[in-house]
Amino acid sequence: MSYVIAVSGKGGTGKTTLAALIIRTLLDSGRKPVLAVDADPNACLGLALNNETSETIGQLREDVLEDPGQIPAGMGKAEYLDYRLRECTVEGSGFDLITMGRSEGPRCYCYINSLLRHFLDRLDEKYRYVVIDNEAGMEHLSRRTTRDVDLLLVVSDATVMGLRSAARIHTLADSLDVNIRRWGLVINRHDGELSAPQQAEIQRAGLDVWGQVPQDEAVLAHALAGASVLDLPADSPAVVAVRGVLQRIWQPAMA
Ligand SMILES: Nc1ncnc2c1ncn2[C@@H]1O[C@H](COP(=O)(O)OP(=O)(O)OP(=O)(O)O)[C@@H](O)[C@H]1O
Ligand SMILES: [Mg+2]
């Protein structure tokens, strides 16, 4: 059974960067194979991992609904979907990537979604870790096609307003029918002490701070050059900080 880590937070806070850094840390420490799931319709995780695909699950779902005639004679719908889904999985070094693509339209997707859930559940089993980069907001969690989440990390900047948004995500997700085993808050682009108002906001959010990731010029330089997070130096401050965040999963005393 794989360990599922999902990354959430409001727009532009660093979800994709954190998800890619988590994958990087898992690979560096030999915790593979990893399945990277880009669940943001505006897909970017592939770019951060230098492993892009044009095949998305959303497109596949539309194709099958729009033109069931394309299913080869003698092949069942489930079998065909299975075959196309395998084509949607891009292989990287130590990890695979699937891209969910855009979300559903107004049609009935129940049957296709149940086939997808079945496929993704089986896919999960092949991997030691599954890391999901989510779109901003929480809607995605209410229509998840995969199983429960072992750890949901909410990313926020250090502003009081940003932290309040993180609190809202926490409250909203708690009211949804999703089983999230552990929660953590990661404060991105901030180093050093937290002020009293910041701490008060964090307490209100009911979230435990799993770590702070400092502003890292190498991360920005890589993003500007379209380079992968996987190529950042091992001693880059953001890489070191995320390694620290993940230590919490592996320390039995804190589990
Ligand atoms: N710790 C950091 N140091 C420097 N730059 C960072 C850091 N974290 C993120 N960035 C930069 O900030 C920008 C936004 O980050 P990212 O794309 O990861 O955010 P996001 O939450 O996934 O955004 P979206 O909501 O659009 O999906 C990127 O250019 C990224 O390189
Ligand atoms: Mg993103």
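We use all heavy atoms of the structure for the numbers below, so side chains are in, but hydrogens, waters and symmetry mates are not. Whatever order the structure lists ligands and atoms in, that order sets their numbers, starting from 1.
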Handout entry: CD (Gln70) with more than 12 external heavy atoms under 6.0 Å
Key = yes
Fill in the blank from the handout: Distance col, row Phe95:CZ vs Leu26:CG, nearest 0.5 angstrom, shows 11.5 Å
Exercise for the section: Determine whether the side chains of Gln198 and Ser195 contain a donor N or O and an acceptor N or O closer than 3.5 Å. Expected result: yes
Problem - Test item: side-chain donor near acceptor, Asp216 and Ser236, under 3.5 Å - result: yes
Practice task
Check whether more than 12 heavy atoms from other residues, nucleotides or ligands sit under 6.0 Å from atom CD of Glu87, and answer yes or no.
Solution key: yes
Exercise for the section: Sort by chain and number the protein N/O/S atoms that are closer than 2.8 Å to the Mg ion (ligand 2), and list them. Expected result: Thr16 OG1
Handout entry: Asp133-Thr16 side chain donor-acceptor pair, cut-off 3.5 Å
Key = yes
Practice task
Hey, could you give me the CG/CE distance between Leu81 and Met75, rounded to the nearest 0.5 Å?
Solution key: 10.5 Å
Completion exercise
Residues Arg248 and Asp208: closest non-hydrogen pair is NH2-OD2, 2.7 Å
Handout entry: Residues in the immediate environment of ligand 1 (any heavy atom closer than 4.0 angstrom)
Key = Gly11, Gly12, Thr13, Gly14, Lys15, Thr16, Thr17, Asp40, Asn188, Arg189, Val213, Pro214, Gln215, Asp216, Val219, Leu220, Ala223
Fill in the blank from the handout: To the nearest 0.5 Å, atom CG of Asp157 lies from atom CD of Gln215 at 11.5 Å
